[in-house]
**Q** 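A single structure is presented below for examination.
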Amino acid sequence: MTDYRAVFDARISFVNGGGLQAEGFRLDLPSPELSEAEIARLLVQHLGLALVGEVRLDGLRIVEEQHRGSRGVASASGAASAAPAAFRFVELSHTIREGMVTLPGIPSPVIRPHLTREQAVDRYAPGTTFVLDVIDLAGNTGTYLDTPFHRYKGGSDLAATRLETLVDLPAEVFHLTDAASRGIPAAVFFDREVRGKAVLLHTGDDVRFGEPGYVVDARFLTGEAAEYLASQGAALVGIDAQNIDDTSANARGERPVHSALLAAGVHVVEHLTGLGELPARGALFTAVPPRVEGFGTFPVRAFAKVPA
């Protein structure tokens, strides 16, 4: 069986600054048919690099050459790990309050009584009272989950979501608070196995939640990164910023991240908080909405189990 190696010069930059350069680097390949982008990903995995912003390969050529034991192919199986025997809970959702502002233009929640305790006195036995309230709120309130129906007519709705895609998902957490650019590129994810995982993006923007500045210069996932995560079989992608897409005027109303992820059946959770308390690996993530037919997005109680 013939072995193949890629030979190239490389320049690697990181989203939080700095970079690496290599000349005449040789990398074992599983196949000579790999694209330049695939070889770049294998290089990142082989070196075990995190928070990669861009990988540039110059003078790339593939040669027949014996492997030297440096095959840069991820070995993780992607199988969900069992829940730890001892763990603590980390709250990852914002509290919903009457009048709260999630985003400009989204109606604030209104809470009104249907049955007060005073009215209940005449309905129940002495000393027995209940309160029953009604809440009016938009689906995009607080921390919420988007289903394919949110973006696509005929897509699966809240009632069709499967619990195994929402509960105790192994989490891959990317701490990006020191990233130099707003857009999170695909190369950031090359060093992790994301199949079946909850990919959680910790930008630190959640500290501005409820403030006018929350929507200014917000972090977001790039369309290229969304396509990569969808192709790699991520189960869910969450972010602690005001939108997983770029919603600035420069985006011209395009939403490539929602389009790519929801078309692939990958859930989206926006307006998370508290991600800074999670380790890069080892937590189990849960975000479950109510089972509502004909509804595409709704608030969730998002939380994580973290080994104690």
**Q** Which distance, rounded to the nearest 0.5 Å, do you find between the CG of L27 and the CZ of R5?
**A**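 That separation rounds to 8.0 Å.
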**Q** So, the side chain of Q45 versus the backbone of F190: is there a donor-acceptor pair under 3.5 Å, distance only?
**A**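 Looks like yes, one N/O pair under 3.5 Å.
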**Q** How close do V306 and A283 get, heavy atom to heavy atom, and via which atoms?
**A**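 Between these two residues, the closest heavy atoms are CG2-CB, 4.1 Å.
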**Q** Got a donor-acceptor contact below 3.5 angstrom from the S231 side chain to the Y228 backbone?
**A**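 Checking the backbone N and O of Y228 against the side chain of S231, a donor-acceptor pair under 3.5 Å is found.
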**Q** Classify the ring geometry between F209 and H271 as parallel (under 30°), tilted (30 to 60°) or perpendicular (over 60°).
**A**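 The rings of F209 and H271 stand perpendicular, inter-plane angle above 60°.
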**Q** So which atom in L57 and which in A40 form the shortest heavy-atom distance, rounded to 0.1 Å?
**A**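 That closest heavy-atom pairing would be CD1-N, 4.0 Å.
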**Q** Check whether any side-chain heavy atom of L49 lies under 4.5 Å from a side-chain heavy atom of L20, and answer yes or no.
**A**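 Yes; the side chains approach each other to less than 4.5 Å.
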**Q** Counting only N and O atoms by type, is there a donor-acceptor contact under 3.5 Å from the side chain of E227 to the main-chain atoms of E224?
**A**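 No; zero donor-acceptor contacts below 3.5 Å.
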**Q** Is there a donor-acceptor pair closer than 3.5 Å between any side-chain N or O of T222 and the backbone N or O of I184?
**A**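 Checked: pair present.
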**Q** Decide yes or no for H46 and F25: does some side-chain heavy atom of the first lie under 4.5 Å from some side-chain heavy atom of the second?
**A**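 In contact.
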**Q** Is there a path of hydrophobic side-chain contacts, each under 4.5 Å between heavy atoms of I/L/V/M/F/W/Y residues, joining F130 to L132?
**A**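 Result: yes, single cluster for both.
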**Q** About how many Å separate CG of L284 and CG of L278, when rounded to the nearest 0.5 Å?
**A**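 Between atom CG of L278 and atom CG of L284 there are 10.5 Å.
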**Q** Any donor-acceptor pair under 3.5 Å linking the side chain of R88 with the backbone of A304?
**A**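 No; judged by distance alone, with no hydrogens or angles, the pair does not exist.
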**Q** Please check if the number of heavy atoms outside E23 that lie under 6.0 Å from its CD is greater than 12.
**A**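 It does not: E23 CD has 12 such atoms or fewer within range.
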**Q** Mind checking the CZ-CZ spacing from R26 to F8? Nearest 0.5 Å is all I need.
**A**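 It comes to 10.5 Å.
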**Q** Could you go through the side-chain contact (heavy atoms from CB on, under 4.5 Å) check for R291 and T161 one step at a time?
**A** CA-CA 8 Å; R291 201 176 182 187; T161 55; over 6 Å; no
**Q** I would like to know whether R219 and L201 meet side-chain contact (heavy atoms from CB on, under 4.5 Å); could you show each step before the answer?
**A** CA-CA 10 Å; R219 308 290 179 87; L201 310 177; over 6 Å; no
**Q** Roughly how far, to the nearest 0.5 Å, is CD of E172 from CG of L236?
**A**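 CD of E172 is found 13.0 Å from CG of L236.
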**Q** Roughly how far, to the nearest 0.5 Å, is CG of D205 from CG of D240?
**A**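 Taking CG in D240 and CG in D205, the distance rounds to 6.5 Å.
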**Q** Test your reading of the model: is there a side-chain donor-acceptor pair from T273 to the backbone of H94, 3.5 Å cut-off?
**A**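 Not at all, since once roles are kept as given, no pair shorter than 3.5 Å links the two residues.
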**Q** What distance separates L262 CG from R255 CZ, expressed to the nearest 0.5 Å?
**A**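 Nearest 0.5 Å value for the CG-CZ distance: 13.0 Å.
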**Q** Check this for me, if you would: do R208 and D206 make a salt bridge, where the nitrogen-to-carboxylate-oxygen distance has to be below 4.0 angstrom?
**A**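 No.
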**Q** Is a side-chain N or O of E33 found less than 3.5 angstrom from the main chain of S35, in a donor-acceptor match?
**A**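 Such a contact is absent between E33 side chain and S35 backbone.
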**Q** What I'd like to find out is whether the side chain of E64 reaches to under 4.5 Å of the side chain of Y4, using heavy atoms alone.
**A**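 Heavy-atom side-chain distance check passes, below 4.5 Å.
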**Q** Is the NZ or CZ atom of R182 both under 6.0 Å from the centre of the six-membered ring of F220 and within 45° of that ring's axis?
**A**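 Not satisfied by the 6.0 Å and 45° rule.
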**Q** Output yes when a side-chain donor or acceptor of R301 lies under 3.5 Å from a complementary backbone atom of E91, and no otherwise.
**A**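 Not a single qualifying donor-acceptor pair exists.
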**Q** Can you list the steps and then say if R11 with D9 is a salt bridge (Lys or Arg N to Asp or Glu O under 4.0 Å)?
**A** CA-CA 7 Å; R11 293 186 180 184; D9 296 338; over 6 Å; no
**Q** Please assess N243 against E270 for the test side-chain contact (heavy atoms from CB on, under 4.5 Å), listing each intermediate value before the final yes or no.
**A** CA-CA 6 Å; N243 202 293; E270 294 169 313; 3.1 Å; yes
**Q** Under the 3.5 angstrom rule, does the side chain of T286 hit a backbone N or O of D168 as a donor-acceptor pair?
**A**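 Confirmed, T286 side chain pairs with D168 backbone.
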**Q** Could you tell me whether a side-chain N or O of H67 sits under 3.5 Å from a main-chain N or O of L29, the two making a donor and an acceptor?
**A**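 Judged by distance alone, yes, a pair lies under 3.5 Å.
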**Q** So do D245 and L221 actually touch side chain to side chain, heavy atoms under 4.5 Å?
**A**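 They are not in contact (no side-chain heavy atoms under 4.5 Å apart), so the answer is no.
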**Q** V131 versus P113: any side-chain heavy-atom pair under 4.5 Å?
**A**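 Result no, sub-4.5 Å side-chain heavy-atom pair not found.
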**Q** For D146, run the side chain to side chain donor-acceptor pair (under 3.5 Å) check against H267, R151, H258 and tell me which one passes.
**A**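 Going through H267, R151, H258 one by one, the side chain to side chain donor-acceptor pair (under 3.5 Å) with D146 is satisfied by H258 alone.
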